[in-house]
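Here is the structure we will look at.
Side chains included, hydrogens not; waters and symmetry mates left out as well; all remaining heavy atoms used. A, B, ... follow the sequence lines: proteins, then strands. Residue 1 opens every chain.
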Amino acid sequence: MRLSSFFGQTLREVPAEADTVSHAMLLRAGYIRQLAAGLFSYLPPAWRSMRKIEQILREEMDAIGGQEMCMPVVHPAELWQQSGRWYEIGDPMARLKDRRGRDLVLAMTHEEVVASLCHTEIRSYRHLPQMVYHMQTKFRDEPRARGGLIRVREFVMKDSYSLDRDYAGLQAQYERHYDAYYRIGARCGVPLVAVQSDPGMMGGKMAHEFMYVSPIGEDALAICEETGYASNLEIAEFRKVPDDNGPPARLEKVYTPNTHTIEALAAFLGISMRQTGKMVFFVGDFGPETGEKLVVSVVRGDMEVNEVQLRYQSGARTLRSAEADEIAAAGAVPGYASPRGLDRSKTVIVVDDLVAASTNLVVGANEAGYHLRGANYGRDYEADLVAPIAAAYDGAPDPVAGAPMTLARGVEVGNIFQLGTRYSGSLGATFTDEKGAEHPIIMGSYGIGVGRMLACVAEEHSDKHGLDLPVSVAPWHVGLVSLARSGASKAKAEGLYQALLKAGVEVLYDDRAVSPGVKFADADLRGMPWRITISERSLKKGGVEFGRRRERPARIIALENVTEVATEAIAKAFKAIDRSLESLPTWATRKPHG
RNA sequence: CGGGGCGUAGCUCAGUCCGGUAGAGCACUGCGUUUGGGACGCAGGGGCCGUCGGUUCAAAUCCGGCCGCCCCGACCA
């Protein structure tokens, strides 16, 4: 491509809306432009990079037996009504009507369509196992798009779907995806970490998310380097050892004025926050029959509630923080609330297992200005449920060996779900076994966001001058900067460009009539891994300058050797990536709790 | 949906408090001089000041509604 006729500009200044590195750089380098919140145009460089990411995905999916196909973006509502998601998913699902008034949805994902295809294509166990995938635009009306390409509403996603007759087959396909996803991350230059995750809305049993660990990430992760335990904080477990607070003592009411918070209470009584029990109130929706109920959670005073666990354990469909009047309605005094003496008909009390196992905690007395000392679970208060509902914290002992875990943030680049029969069951996707009996197909689904991957590549590979992309993802391998002025030199530059093209080198040729500084700055910004500079000066020295993006001084290479040197450098870089794949984690070699 | 911030030229922003002829830098056009890290001079073009309404002799500026964008939270297949 020649820059003199190129579509798109670089930006000298950082647009006001960008506050992550990847967003700022992709904007400045002329990769993406925003149309509206969460809606982006991908300019030629970005689209070239995304096609390269797609090609990597394609190769890896094909390598584990995938077959690429294409499915519609607009679906009839009936499909989603059958799976139930038409009713379960609210605003994030974009709905529209066609000219006849028929309800349609914009696809958020394609489990339903795959399941419906199975109707006609999978009749027998002989047709299984299968794995199909596609790369397609999906739309999710997110409550809030953010971070440039990190979280958008319309995006291209690689989704694959495995179809098996049994869970052993599903497990095998799941494991193959696990390995493939590590390879995909490495080939794109983005280090990914698999963490256990909440199957959530997908409704399956096992799930992993592939995270790019970065402070810009939206998810919190708990990772133990020592044992390999890695989990989304939402479902992270940790080992709990109760403190020795002595044998159960007498329950006594103590005057504790102005101690609305655990900190104030502990300070007032001269005890540790660990010796207290903390009440956190939520309102849970328990479905049409039961309706809303106050969910009262009790965790140790130094810990926080894990809302995902609480929702799961309590059986609530959704949870939200309770308002003061809702708390009071159940007979609790905010600031001095007690698990004792609540209206049990209006509440669901969930006590963290650590609290239940701890003796002599200080809890509220349900009376302003008073707390109870020596509270013991079972003797002094009861619960509907004792369950692990405390959130893991930085340094918490991991559940495997008690080794300390670190909390980190991560961007979810991909995920793998064991769906089971969630969709095949409701949509009637069945097969017949050897004995003629009908069974629902066992499904798995596996996604990777292509644009989000690009954002992570940009986040990982840039400096203050711009993008510095890996050879596998860069839109062009080489930036050819021509500073030639004379007709003869210009002809040499032109000849070199043609020679590089002919040799299969992807080259962005800066043949514009602008000053050298502009050309260098643009080349740095656009992120090609190598730069070739041709000028009267370089020709006088015997050829052209060749080097890594900002390498100075660059090597002088004779004109006739340039294509060979460039081709070799590129091949070497690809080989280095291939070598790095050998030491990647796999399902087989991963530590047992990864 | 709750909290906060912001909408003025393609981009970054000043002007708004205190109402009175719409500005700068970059970008763009023309000419000339330059030419190895975002050159310089001269001359130009470009704005319904987000939008609707109100107050006023007069509104980018004051008041109200709405819309949009960004950040935090909620939510997140």
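- Searching all strands for a Watson-Crick or G-U wobble partner of B:C26 with both distances below 3.5 Å returns B:G10.
- Remark: B:C62 base-pairs with B:G54; criterion is Watson-Crick or G-U wobble with both hydrogen-bond distances under 3.5 Å.
- The shortest distance between the side-chain N/O atoms of A:Arg144 and the OP1/OP2 oxygens of B:C1 is not below 4.0 Å.
- Sequence order on RNA chain B of the closest nucleotides to A:Glu17 and A:Asp219 puts A:Glu17 first from the 5' end.
- Side-chain polar atoms of A:Thr10 and A:Asp522 form a donor-acceptor pair below 3.5 angstrom.
- At a threshold of 4.0 Å, the pair A:Glu111-A:Arg85 counts as salt-bridged, since one of the basic side-chain nitrogens sits closer than that to a carboxylate oxygen.
- Taking the charged nitrogens against the carboxylate oxygens, A:Lys158 and A:Glu60 have no contact shorter than 4.0 Å, which rules out a salt bridge.
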Exercise for the section: Assign a letter to each nucleotide of nucleotides 27-34 of chain B from its 5' end: B, base within under 4.0 Å of a protein heavy atom; S, sugar-phosphate only; -, no contact. Expected result: S-------
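- Across all strands shown, the partner of B:C1 is B:G73, judged by Watson-Crick or G-U wobble contacts whose two distances both fall under 3.5 Å.
- Here, B:A22 and B:G46 have their P atoms 15 Å apart, quoted to the whole Å.
- For the residue pair A:Asp511 and A:Ser4, a side-chain donor N or O sits within less than 3.5 Å of a side-chain acceptor on the partner.
- Nucleic acid contact class of A:Gly466 (heavy atoms, under 4.0 Å, all strands): none.
- The residue among A:Asn415 and A:Val518 whose nearest nucleotide of RNA chain B lies closer to the 5′ end is A:Val518.
- Remark: A:Ser515 is in phosphate contact with B:A39, judged by side-chain N or O atoms under 4.0 Å from OP1 or OP2.
- Looking at A:Ser426 and A:Gln82, their side chains never bring a donor and an acceptor atom within 3.5 Å of each other.
- No side-chain N or O of A:Gln196 forms a donor-acceptor pair with one of A:Glu209 less than 3.5 Å apart.
- A:Arg146 comes within contact range of at least one nucleobase, with a heavy-atom separation under 4.0 Å.
- Across all strands shown, A:Val481 has no heavy atoms under 4.0 Å from either base or sugar-phosphate atoms.
- For B:C40, the paired nucleotide is B:G32, the pair qualifying as Watson-Crick or G-U wobble because both relevant distances are below 3.5 Å.
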